[in-house]
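Working notes, structure below.
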2 protein chains.
Amino acid sequence: MNEPQPLFRALADPTRRDILLMLRTEDMTIAQVAENFDMTRAAVKKHLTVLSDGGLITVRAEGREKINTLNPSAFAPIKDWLSYFDAFWDDRLGDLKSAIEKDVQ
Amino acid sequence: MNEPQPLFRALADPTRRDILLMLRTEDMTIAQVAENFDMTRAAVKKHLTVLSDGGLITVRAEGREKINTLNPSAFAPIKDWLSYFDAFWDDRLGDLKSAIEKDVQ
DNA sequence: TAAACATGAAACCCTTTGGTATCACGTGAG
DNA sequence: CTCACGTGATACCAAAGGGTTTCATGTTTA
């Protein structure tokens, strides 16, 4: 449970990763985000939906505009997943240590 | 340069993420990996190719077998990319600090 | 109220992707 | 040498993805 799939999916596209980088410095409307890309507002809106599905952004209405805000805490599951491979490092270092010790004898 | 796209792409599929987790404990042939999934060996081979393109595994021939080995150092670019959002945290905390100080006056 | 504006949503198109089945090829064991 | 075995590669298929166009809806503003 707590499926990280929508999160990994959201990060798999370079346009979406660029959007996230943009949103670090300021919240933006859909139109503002779209200004920075050579594609239609509709296409950008689709990307924003995927980012929202992944929990990476939150959207709030402000009059007729929708303000998109970065939600950096959503990166946690990815960091957690990556940490599985930190343990791997420890194991390998352990193996190396054992091998060396065995070799010394 | 040093495009992380093949890396993000490789991690976007749950089957490929599971393969990586398997390879933490031991190197495996294609057939061995395929035993753990309900799909053909050809399909698994495709996933392994994507993982190799992303630099996440290395493959060596051993007789008529191909041994797939995890390459955990390949995760570095993802960690680097994620660190862009650690800086964001610092910025926001700075903003909060400024807001509080202003509020106190 | 009427018109401009920001967005939502659906239909459609082409490409990519995850999967299959099939056949060819190098390697190992009788 | 033969034949089974592990793999590589290709053609093929259905579904998903990224994009466009078009139209509908709610919100300002003149």
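Below, chains carry the letters A, B, ... as their sequence lines are ordered, and counting in each starts from 1. Quantities reported herein were computed from a predicted structural model and do not represent experimental measurements. Quick note: numbers below take in every heavy atom, side chains included, and nothing from hydrogens, waters or symmetry partners.
Between the P atom of dG26(D) and the CD1 atom of Ile30(A) lies a distance of 16 Å, rounded to the nearest Å. Here the C1' atom of nucleotide dT7(C) and the CG atom of Asn68(A) are 11 Å apart, to the nearest Å. Between the P atom of dA6(C) and the CG atom of Asp27(A) lies a distance of 18 Å, rounded to the nearest Å. Counting to the nearest Å, the C1' atom of dG19(D) and the CD1 atom of Ile19(A) are 13 Å from each other. For Glu65(A) and dG8(C), the CD to P distance is 11 Å, given to the nearest whole Å. As a whole-Å value, the separation of Leu11(A) CG from dG17(D) C1' is 16 Å. Separating the CD atom of Gln32(B) from the C1' atom of dT7(D) is a distance of 14 Å, rounded to the nearest angstrom. Distance CZ (Phe37(A)) to C1' (dG18(D)): 13 Å, rounded to an integer number of Å.
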Practice item. Starting at the 5' end of nucleotides 20-30 of chain C, put B wherever the base has a protein heavy atom under 4.0 Å, S where only the sugar-phosphate does, and a dash everywhere else. Key: BB----BBS--
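Salt bridge annotation for Lys79(B)-Asp86(A): present, with a cationic side-chain nitrogen under 4.0 angstrom from a carboxylate oxygen.
Applying the 4.0 Å criterion to OP1 and OP2 of dG8(C), one finds that Lys66(A) has a side-chain N or O inside that range. In this structure, His47(B) does not reach the dT17(C) phosphate: none of its side-chain N or O atoms is under 4.0 Å from OP1 or OP2. For the pair Arg60(B) and dT7(D), the criterion of a side-chain N or O lying under 4.0 Å from OP1 or OP2 is not met.
Applying the salt bridge (charged side-chain N to carboxylate O under 4.0 Å, His left out) test to every pair with at least one member in residues 48-71 of chain A, sequence neighbours left out, gives these pairs: Asp27(A)-Arg60(A), Arg60(A)-Glu62(A).
Gln5(B) places a side-chain N or O within 3.5 Å of a backbone atom of Ala12(A) that can act as its donor or acceptor partner. No donor-acceptor distance shorter than 3.5 angstrom exists from the side chain of Asn68(A) to the backbone of Val59(A), with no hydrogens or angles considered. Proximity of a side-chain donor or acceptor of Arg16(B) to a complementary backbone N or O of Ala10(B) within less than 3.5 Å is detected.
The side chain of Thr29(A) has dT7(C) as its nearest neighbour among dT7(C), dT7(D), dG8(D). Residue Arg9(B) places its side chain closer to dG18(C) than to any other of dG8(C), dT7(D), dG18(C).
Between atom CG of residue Asp13(A) and atom CZ of residue Phe8(B) there is a gap of 11.0 Å, rounded to the nearest 0.5 Å. Rounded to the nearest 0.5 Å, atoms CD1 (Ile19(B)) and CG (Leu56(B)) are 11.0 Å apart.
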